[in-house]
Protein chains: 2
Amino acid sequence: MEQDIFKALADPTRRAIFEKLATGGMNASALREGMAISQPAMSQHLAVLRTARLVREERQGRFVNYEVDPDGLALIAQWLAKYRAYWPARIDALKDLLRDMDQ
Amino acid sequence: MEQDIFKALADPTRRAIFEKLATGGMNASALREGMAISQPAMSQHLAVLRTARLVREERQGRFVNYEVDPDGLALIAQWLAKYRAYWPARIDALKDLLRDMDQ
DNA sequence: GAAACACATAAGCATGCACTTATTTGATTC
DNA sequence: GAATCAAATAAGTGCATGCTTATGTGTTTC
């Protein structure tokens with residue numbers, strides 16, 4: 001669970017894939033463009049991200065479209081929330097984030 | 001950076017150590033109690049957590065006191081904030097967090 | 001239904017990593 | 001300063017993991 005998520009994010013290539021997907025859903029071939037990664041490697045990374053619920057897939061004919069799965073991000077948020085007692089007084093990024101959520 | 005943090009948290013033993021430290025700072029020996037882990041292993045794990053800025057140390061005589069370092073948590077929060085477009089509409093844990101921070 | 005295409009899976013290999021035992025460093029106590 | 005204790009480091013080992021090449025599966029097109 002947390003195990004799968006943190007392990008998935010521990011690999012820089014997978015974080016790059018995730019980051020790219022965050023700009024918009026796309027299929028595995030499109031993901032590979034400009035990424036110096038073999039087709040099987042990409043497929044394996046996507047499987048790891050999918051298991052971690054960081055990414056979800058949807059078959060569209062011959063292609064498989066991938067997109068960010070909010071569930072994984074929510075799990076990280078929950079993990080992080082457990083330690084809120086230790087958060088620095090000011091975290092601007094989060095303040096913005098939470099302001100957005102509150103409206 | 002993110003690399004160090006996610007790698008550090010990818011190991012279940014290190015997450016357990018971090019979680020224990022979150023209940024209050026303590027030295028390495030106290031951390032080992034009830035944890036079935038050798039002294040060198042604990043020391044190595046703490047070094048990894050320290051490099052990731054998830055934990056910080058303070059020598060106190062013969063002992064070295066460890067405690068949660070807010071910097072690491074802030075880095076995770078910043079990473080998470082980059083993907084706020086994908087957050088589910090409601091994440092209760094974070095709403096609580098917001099309430100805490102806003103008072 | 002045969003060829004072409006997108007992707008997944010299998011199997012093998014090299015490197016990384018978490019552990020072990022042994023030793024060293026640093027600090028206290030007598 | 002010798003003994004003792006807390007913690008760090010060194011060196012070696014077994015297993016996990018990210019890659020590769022080869023092959024399999026599912027879908028479309030002619």
Side-chain angles (χ1 to χ4, degrees), chain A residues 1-69 72, chain B residues 1-69 72:
Chain A
M1 214 65 191
E2 288 166 359
Q3 184 61 20
D4 294 329
I5 292 204
F6 286 124
K7 247 183 197 164
L9 293 174
D11 183 76
T13 303
R14 278 195 293 268
R15 283 200 310 280
I17 293 171
F18 182 81
E19 201 164 331
K20 195 165 183 178
L21 270 182
T23 69
M26 67 187 86
N27 60 54
S29 298
L31 269 174
R32 284 186 61 205
E33 282 168 22
M35 275 200 89
I37 187 175
S38 72
Q39 180 269 316
M42 174 59 77
S43 184
Q44 287 159 13
H45 281 309
L46 286 170
V48 173
L49 289 168
R50 185 156 24 86
T51 300
R53 301 179 68 183
L54 284 163
V55 145
R56 61 188 176 198
E57 69 176 42
E58 182 187 359
R59 195 169 250 284
Q60 283 175 351
R62 253 190 322 209
F63 296 81
V64 177
N65 202 272
Y66 282 91
E67 60 183 4
V68 168
D69 185 345
Chain B
M1 218 61 192
E2 288 166 0
Q3 185 59 20
D4 294 330
I5 292 204
F6 287 123
K7 247 184 199 163
L9 293 174
D11 183 77
T13 304
R14 277 195 293 267
R15 283 202 309 281
I17 292 169
F18 182 81
E19 200 164 330
K20 195 165 184 180
L21 270 183
T23 69
M26 67 188 85
N27 60 53
S29 298
L31 269 173
R32 284 186 61 204
E33 281 167 23
M35 275 199 88
I37 187 174
S38 71
Q39 181 269 316
M42 174 61 76
S43 184
Q44 286 159 13
H45 281 309
L46 286 170
V48 172
L49 290 168
R50 186 157 21 87
T51 300
R53 301 179 68 183
L54 284 162
V55 145
R56 61 189 176 197
E57 69 175 42
E58 182 187 0
R59 193 167 254 286
Q60 281 175 352
R62 255 193 319 212
F63 296 82
V64 177
N65 203 272
Y66 282 90
E67 60 184 4
V68 168
D69 185 345

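None of these values were measured; they are calculated from a predicted model. FYI, side chains are in, hydrogens and waters are out, and symmetry mates aren't considered; it's all heavy atoms of this structure. Order of the sequence lines sets the chain letters (A, B, ...), proteins ahead of strands, with each chain counted from 1.
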Are any protein N/O atoms closer than 3.5 Å to N/O atoms in nucleotides 24-26 of chain C? If there are, list each pair with its distance.
none

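- In this view, B/E58 satisfies the side-chain hydrogen bond (donor to acceptor under 3.5 Å, both in side chains) rule with no residue, not counting sequence neighbours.
- Atom CD in A/E58 sits roughly 18 Å away from atom C1' in C/dA8 (whole-Å rounding).
- Among residues two or more places apart in sequence or in another chain, the side-chain hydrogen bond (donor to acceptor under 3.5 Å, both in side chains) test is passed with A/E67 by A/R56.
- When DNA chain D is scanned 5' to 3' for any atom under 4.0 Å from a heavy atom of chain A, the first and last hits are D/dT17 to D/dT28.
- Listed by first and then second residue, the ring pair (Phe, Tyr, Trp, His ring centres under 6.0 Å) pairs that reach into residues 21-42 of chain A come to none, sequence neighbours excluded.
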Enumerate, atom names and distances included, each donor-acceptor pair closer than 3.5 Å involving a side-chain atom of residues 25-36 of chain B, sequence neighbours excluded.
{"unit_1": "B/N27", "atom_1": "OD1", "unit_2": "B/S29", "atom_2": "N", "d": "3.1"}
{"unit_1": "B/N27", "atom_1": "OD1", "unit_2": "B/A30", "atom_2": "N", "d": "2.8"}
{"unit_1": "B/R32", "atom_1": "NE", "unit_2": "B/I37", "atom_2": "O", "d": "2.9"}
{"unit_1": "B/R32", "atom_1": "NH2", "unit_2": "B/I37", "atom_2": "O", "d": "3.2"}

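- Only B/N27, B/A28, B/S29, B/Q39, listed by number, bring a heavy atom of residues 25-39 of chain B to less than 4.0 angstrom from any atom of DNA chain D.
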Which pairs of donor and acceptor atoms, one on a side chain in residues 3-19 of chain A, lie under 3.5 Å apart (sequence neighbours left out)?
{"unit_1": "A/Q3", "atom_1": "OE1", "unit_2": "B/R15", "atom_2": "NH1", "d": "3.0"}
{"unit_1": "A/Q3", "atom_1": "OE1", "unit_2": "B/R15", "atom_2": "NH2", "d": "2.7"}
{"unit_1": "A/Q3", "atom_1": "NE2", "unit_2": "B/A10", "atom_2": "O", "d": "3.2"}
{"unit_1": "A/D4", "atom_1": "OD2", "unit_2": "A/M1", "atom_2": "N", "d": "3.4"}
{"unit_1": "A/D11", "atom_1": "OD2", "unit_2": "A/T13", "atom_2": "N", "d": "3.1"}
{"unit_1": "A/D11", "atom_1": "OD2", "unit_2": "A/R14", "atom_2": "N", "d": "3.1"}
{"unit_1": "A/R14", "atom_1": "NE", "unit_2": "A/A8", "atom_2": "O", "d": "2.8"}
{"unit_1": "A/R14", "atom_1": "NH1", "unit_2": "A/H45", "atom_2": "ND1", "d": "3.2"}
{"unit_1": "A/R14", "atom_1": "NH2", "unit_2": "A/K7", "atom_2": "O", "d": "3.3"}
{"unit_1": "A/R15", "atom_1": "NH1", "unit_2": "A/L9", "atom_2": "O", "d": "2.7"}
{"unit_1": "A/R15", "atom_1": "NH1", "unit_2": "B/Q3", "atom_2": "OE1", "d": "3.0"}
{"unit_1": "A/R15", "atom_1": "NH2", "unit_2": "B/Q3", "atom_2": "OE1", "d": "2.7"}

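- Scanning residues 42-57 of chain A for heavy-atom distances under 4.0 Å to DNA chain D yields A/Q44, A/H45.
- For the contact set between residues 3-22 of chain B and DNA chain C, defined by any heavy atom under 4.0 Å, the members are B/K7, B/D11, B/T13, B/R14.
- The list of ring pair (Phe, Tyr, Trp, His ring centres under 6.0 Å) pairs with a residue in residues 22-42 of chain B, not counting sequence neighbours, is empty.
- When atom types are taken as modelled, the side chain of A/S43 and the backbone of A/Q39 share no donor-acceptor pair closer than 3.5 angstrom.
- The heavy-atom pair separating A/L21 from A/V55 by the smallest distance is CD1-CG2, 3.5 Å.
- In terms of phosphate contacts, A/Y66 brings a side-chain nitrogen or oxygen within less than 4.0 Å of OP1 or OP2 of C/dA8.
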Listed pairs under 3.5 Å, donor-acceptor, residues 59-66 of chain A side chains, sequence neighbours left out:
{"unit_1": "A/R59", "atom_1": "NH1", "unit_2": "A/G61", "atom_2": "O", "d": "2.9"}
{"unit_1": "A/Y66", "atom_1": "OH", "unit_2": "A/E57", "atom_2": "OE1", "d": "3.2"}

